[in-house]
2 protein chains.
Amino acid sequence: MVKKTPGRPRQGESLTRERIIEAAIELLDLSGEEGLTFRALSERLATGPGAIYWHIANKSDLMAAACDAVVARTMHESVIVTTPEQTIRAVALGLFDAIDEHPWVGSAITSSVGLSPLVRILEHVGQQIRALRLPDAQQWSAVGTLMAYILGVSKQNAANGQFARTRGLDRSDFLEAVSTAWSELDPKEYPFVRSVAGQFREHDDRIDFITGIDLILKGISSPGHRSGSRSKRAATPHSFVSPDKRASG
Amino acid sequence: MVKKTPGRPRQGESLTRERIIEAAIELLDLSGEEGLTFRALSERLATGPGAIYWHIANKSDLMAAACDAVVARTMHESVIVTTPEQTIRAVALGLFDAIDEHPWVGSAITSSVGLSPLVRILEHVGQQIRALRLPDAQQWSAVGTLMAYILGVSKQNAANGQFARTRGLDRSDFLEAVSTAWSELDPKEYPFVRSVAGQFREHDDRIDFITGIDLILKGISSPGHRSGSRSKRAATPHSFVSPDKRASG
DNA sequence: ACCTGAACACCGTTCAAGT
DNA sequence: ACCTGAACACCGTTCAAGT
């Protein structure tokens with residue numbers, strides 16, 4: 001809401017919303033969401049805590065703005081390549097890496113809902129889906145599935161990285177630790193987890209990530225794929241979906 | 001770590017880890033993560049804030065325990081039905097609804113990594129995947145993709161619900177509001193988002209959710225699906241994945 | 001062994017007072 | 001119009017002191 005007034009001559013020094021957001025991103029990258037305090041921020045900006053409130057409404061406004069700045073930058077960097085599928089992979093990986101570098105973005109993005117960051121991603125991915133020329137009714141479910149997958153995996157991956165970092169482990173230490181823990185679980189209760197412990201130790205998140213993207217893209221473009229809401233026979237194949245569950249206060 | 005000592009006769013009154021976790025879940029359901037404070041909790045349990053620390057290490061321990069209790073309950077309720085695919089759908093919907101009812105579980109579950117809640121889900125979903133008799137090398141990527149999708153969508157759905165509730169909207173109000181906001185975006189910058197605004201207004205999250213599950217299940221069982229890490233030609237088709245990106249402090 | 005509750009070191013946010 | 005910084009109402013957590 002607050003715009004830069006060009007009245008003041010010395011633009012480099014004055015406190016602006018942009019400078020605050022940049023400093024916030026630095027603090028968030030340095031020490032996560034709990035590291036971002038108005039006191040630390042105002043110290044870094046050589047001002048008082050109250051001054052920030054002239055430019056920013058509150059902490060969640062600040063988090064949302066910082067998140068949006070990172071997402072906007074990432075979307076800007078993902079240029080269109082050869083095919084829609086390739087572009088989707090590139091955008092997905094761009095987000096994966098951005099959230100890996102800025103893990104706090106993962107949690108901040110969820111609460112932005114219809115707002116800027118999610119809409120930016122939706123538009124970018126959606127334009128590629130449109131290029132696939134699906135029936136209109138299938139576009140929403142295709143984009144929705146992809147978005148959920150991209151953000152879901154990216155966030156979990158970033159959380160794993162943070163978890164490891166907190167415990168002073170590097171990636172292979174982390175994989176080793178989890179894999180060992182899994183193989184020591186009760187064989188009666190956790191047969192499957194034990195059986196994939198080895199695969200987990202050797203897996204590569206980025207490769208698995210695009211494997212999943214490809215899997216979804218294949219499902220989207222396969223001829224049998226039908227959208228739930230618009231198909232002729234309504235939702236009868238999913239009749240076990242109790243519809244009353246949806247009614248909540 | 002602390003076990004109930006059966007020395008004291010009156011078991012109903014004494015403060016136990018279980019009672020604390022139950023009270024925490026009630027507070028979390030009532031007013032979210034910010035509503036859970038040690039003061040409110042100790043008041044509800046008719047004790048002092050310090051007493052809780054005898055049974056619980058700290059707040060994140062408490063959050064993890066509350067999260068695990070909800071997930072364990074949910075997994076316990078999801079019984080095996082006819083086919084592996086149907087069971088996966090049932091487990092997925094069980095989690096979807098549980099996270100919808102307890103939105104705080106969505107954010108708490110991410111940071112549990114190799115620990116109980118994610119492992120419980122992994123085992124439940126994994127046992128069904130095993131029943132599909134995929135090649136060993138594909139099991140991890142199949143389960144990983146499904147898990148990421150299930151949690152990703154459930155969490156975003158819960159966040160949307162919270163967003164709506166905060167603003168005093170019911171589901172149709174929320175859909176209407178977002179849909180309207182989207183259709184008012186700049187047509188040059190957001191052509192796709194504008195074009196799906198109508199579909200968004202009429203979509204049903206639960207139906208779209210299982211549509212996505214079916215889509216992934218189809219991709220998994222289709223013959224062309226290959227695991228990234230074990231395929232003969234390594235990752236050459238994804239050569240645009242810069243491998244050095246992974247090296248981080 | 002378990003509980004009490006005051007105290008400590010922080011938070012986000014406000015607001016009279018300054019320029 | 002913008003900034004200052006003390007003050008307010010909270011937090012999570014600790015710990016001497018009790019039973």
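Below, read A as the first sequence line, B as the second, and so on, with proteins coming before strands; counting in each chain starts at 1.
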Proximity to the side chain of [X] - top-ranked nucleotide from [options]:
X: B:Thr37; options: C:dT13, D:dG12, D:dC3; answer: D:dG12
X: B:Trp54; options: C:dC2, D:dT13, C:dT13; answer: C:dC2
X: A:Phe38; options: D:dC3, C:dG12, D:dG12; answer: C:dG12
X: B:Leu15; options: C:dT13, C:dC3, D:dG12; answer: C:dC3
X: B:Tyr53; options: C:dG12, D:dT14, D:dC3; answer: D:dT14

Rounding to an integer number of Å, can you tell me how far [X] [atom1] sits from [N] [atom2]?
X: B:Leu41; N: D:dC10; atom1: CG; atom2: P; answer: 18 Å
X: B:Asn58; N: C:dC10; atom1: CG; atom2: P; answer: 18 Å
X: A:Arg39; N: C:dC10; atom1: CZ; atom2: P; answer: 10 Å
X: B:Lys59; N: D:dT14; atom1: NZ; atom2: C1'; answer: 17 Å
X: B:Ile52; N: C:dC2; atom1: CD1; atom2: P; answer: 16 Å
X: A:Met63; N: C:dC11; atom1: CE; atom2: C1'; answer: 15 Å
X: A:Glu34; N: C:dC11; atom1: CD; atom2: C1'; answer: 12 Å
X: B:Arg17; N: C:dC2; atom1: CZ; atom2: P; answer: 14 Å

Revision key, fill the gap. C:dC10 -> Watson-Crick or G-U wobble partner, both distances under 3.5 Å, gives none

Practice item. Give none if C:dC15 has no partner; otherwise give the nucleotide forming a Watson-Crick or G-U wobble pair with it, both distances under 3.5 Å. Key: D:dG5

Exercise for review: Mind checking A:Leu36 for me? I need base, sugar-phosphate or nothing, with any heavy atom below 4.0 Å counting as a touch.
Suggested key: sugar-phosphate

Review point. How do A:Glu33 and B:Gly48 order along DNA chain C: which one's closest nucleotide is nearer the 5' end?
Key: B:Gly48

Check your understanding: Would you say the side-chain atoms of B:Glu33 pair up with the backbone N or O of B:Trp104, donor to acceptor, closer than 3.5 Å?
Key -> no

**Study point:** Salt-bridge present (A:Asp68, A:Arg120; N to O < 4.0 Å)
**Key:** yes

Exercise for review: For the residue pair B:Tyr149 and A:Val153, establish whether any side-chain heavy-atom pair is separated by less than 4.5 Å.
Suggested key: no

Review point. Are B:Arg206 and B:Asp100 close enough that some pair of their side-chain heavy atoms sits under 4.5 Å apart?
Key: no

Review point. Does B:Glu176 CD have over 12 foreign heavy atoms under 6.0 Å away?
Key: yes

